[in-house]
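Worksheet: the structure to be examined is printed underneath.
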Amino acid sequence: AECSGVDIGQPLSAQHADEIVAGMDRYAVLVFRRAQPLSTAQQIAFTKSLGELEPYYRKIEPEAGRRLADERLSDISNLAPGDKILPREDRKRLFGLGNRMWHSDSSYKRIPARYSALCAHVIPPQGGDTEFADMRAAWDALDPSTKAQVKGMVTQHSRIFSKGALGFGFTEQELIDFAPVEQPLARIHPRS
């Protein structure tokens with residue numbers, strides 16, 4: 001759903017925050033269009049108004065260093081500090097290629113994030129689309145026997161497997177930090 005009538009770059013009232021949460025529960029994806037991208041401080045304030053931020057987790061950083069000043073943000077771009085395009089062989093760029101495959105944000109964490117908040121600063125003139133799938137709708141579309149079969153099953157979510165399938169090599173410490181986690185295959189959340 002596309003949202004209007006609220007500037008997410010300004011502090012949100014409790015009522016607006018509650019309405020955004022209700023919108024997320026109903027539609028799964030909300031789009032807020034602005035003339036200017038959110039600053040880091042604005043994005044942090046907006047996301048904090050919707051709940052507690054997830055703790056820091058291990059990331060692959062560019063060899064030239066982190067581009068974004070706040071480590072609470074994940075930089076999913078192909079840019080190095082100074083907004084220079086990462087070299088072809090940079091580990092962060094290679095790791096990021098996995099984002100081109102279908103994936104579920106944060107499912108590889110013991111406690112997955114409730115929401116992902118994407119803020120586009122530069123949109124390419126062609127391509128660059130981000131697509132979403134509502135897994136609640138996928139669950140609703142399953143026949144009753146399949147629901148009964150998978151209910152209660154547990155699956156392993158692994159960044160090592162998905163990124164490794166592209167040929168990405170991990171250090172010993174990354175193999176520990178990115179150890180697979182188990183998640184319920186069907187996590188049922190009733191719609192509002």
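Just so you know, residue 1 is the first one in the sequence shown, and it goes up from there. It should be emphasised that the depicted structure is a prediction, and the values quoted were computed from it without experimental measurement.
Under 4.0 Å is where a charged nitrogen must lie from a carboxylate oxygen, and between Asp70 and Arg72 at least one such pair does. Lys109 and Glu54 are joined by a salt bridge, as a carboxylate oxygen and a charged side-chain nitrogen come within less than 4.0 angstrom of each other. In this structure, Asp75 does not pair ionically with Arg66, as no charged nitrogen and carboxylate oxygen lie closer than 4.0 Å. For the pair Asp25 and Arg136, the salt-bridge criterion is not met [side-chain N within less than 4.0 Å of a carboxylate O]. At a threshold of 4.0 Å, the pair Glu174-Arg91 counts as salt-bridged, since one of the basic side-chain nitrogens sits closer than that to a carboxylate oxygen.
Shortest non-hydrogen contact noted between Ile160 and Leu175 is CD1-O, 3.6 Å. Residues Pro62 and Asp90 come closest through the heavy atom pair CA-OD1, 3.6 Å. Residues Val181 and Ser107 approach most closely at CG2-O, 3.6 Å, considering heavy atoms. Between Asp134 and Ala28, the shortest heavy-atom contact is OD2-CB, 3.5 Å. Nearest heavy-atom pair, Ala80 versus Leu86, reported as atom, atom and distance to 0.1 Å: CB-CD2, 3.5 Å.
Taking the side chain as every heavy atom from C-beta outward, Val150 and Trp139 approach each other to under 4.5 Å. Between Thr155 and Glu182 the shortest side-chain heavy-atom distance does not fall below 4.5 Å. In this structure the side chain of Gln149 never reaches within 4.5 angstrom of the side chain of Leu185, judged on heavy atoms. Between Ser39 and Gln42, some side-chain heavy-atom pair lies under the 4.5 Å cut-off. The side-chain heavy atoms of Met101 and Ser162, taken from C-beta on, include a pair separated by under 4.5 Å. At least one side-chain heavy atom of Tyr115 sits less than 4.5 Å from a side-chain heavy atom of Val21.
Heavy atoms from other residues, nucleotides or ligands lying under 6.0 Å from NZ of Lys48 number 12 at most. Atom CD1 of Ile76 is surrounded by 12 or fewer heavy atoms from other residues, nucleotides or ligands within 6.0 Å. Dense packing is recorded around CD of Glu2, with more than 12 heavy atoms of other residues, nucleotides or ligands lying under 6.0 Å away. Counted within 6.0 Å of NZ on Lys84, heavy atoms from surrounding residues, nucleotides or ligands total 12 or fewer; the atom is thus considered open.
For the residue pair His103 / Asp105, a side-chain donor-acceptor distance below 3.5 Å is found, with atom types taken as modelled.
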Ile44 and Leu38: side-chain contact (heavy atoms from CB on, under 4.5 Å), yes or no, with the steps? CA-CA 9 Å; Ile44 295 292; Leu38 294 173; over 6 Å; no
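Side chain of Lys92 to backbone of Ala64: no donor-acceptor contact under 3.5 angstrom is found. In terms of modelled atom types and a separation under 3.5 Å, the side chain of Gln43 and the main chain of Pro37 share no donor-acceptor contact. Between the side chain of Lys163 and the backbone N or O of Ser158, no donor-acceptor pair lies under 3.5 Å.
Note: Leu53 CG to Thr47 OG1 = 4.5 Å, rounded to the nearest 0.5 Å. Atoms CG and OG1, from Leu118 and Thr130 in turn, are 6.0 Å apart once rounded to the nearest 0.5 Å. Taken to the nearest 0.5 Å, the CG atom of Asp140 stands 11.0 Å off from the CE atom of Met135. The CD atom of Gln183 lies 8.5 Å from the CZ atom of Arg110; values are rounded to the nearest 0.5 Å. Taken to the nearest 0.5 Å, the CD1 atom of Ile20 stands 6.0 Å off from the OG atom of Ser49. The line from OG of Ser106 to CZ of Arg114 is 13.5 Å long, rounded to the nearest 0.5 Å.
Every residue two or more places apart in sequence or in another chain that forms a ring pair (Phe, Tyr, Trp, His ring centres under 6.0 Å) with Phe32 is listed here: Phe46. Under the rule for a ring pair (Phe, Tyr, Trp, His ring centres under 6.0 Å), the partners of Phe168 that lie at least two apart in sequence or sit in another chain are Phe95, Phe170.
Transitive grouping of hydrophobic side chains (ILVMFWY, heavy atoms separated by less than 4.5 Å) keeps Val29 and Leu50 in distinct clusters. Phe178 and Leu97 fall within a single hydrophobic cluster, where Ile, Leu, Val, Met, Phe, Trp and Tyr are joined by side-chain heavy atoms under 4.5 Å apart, directly or via other members.
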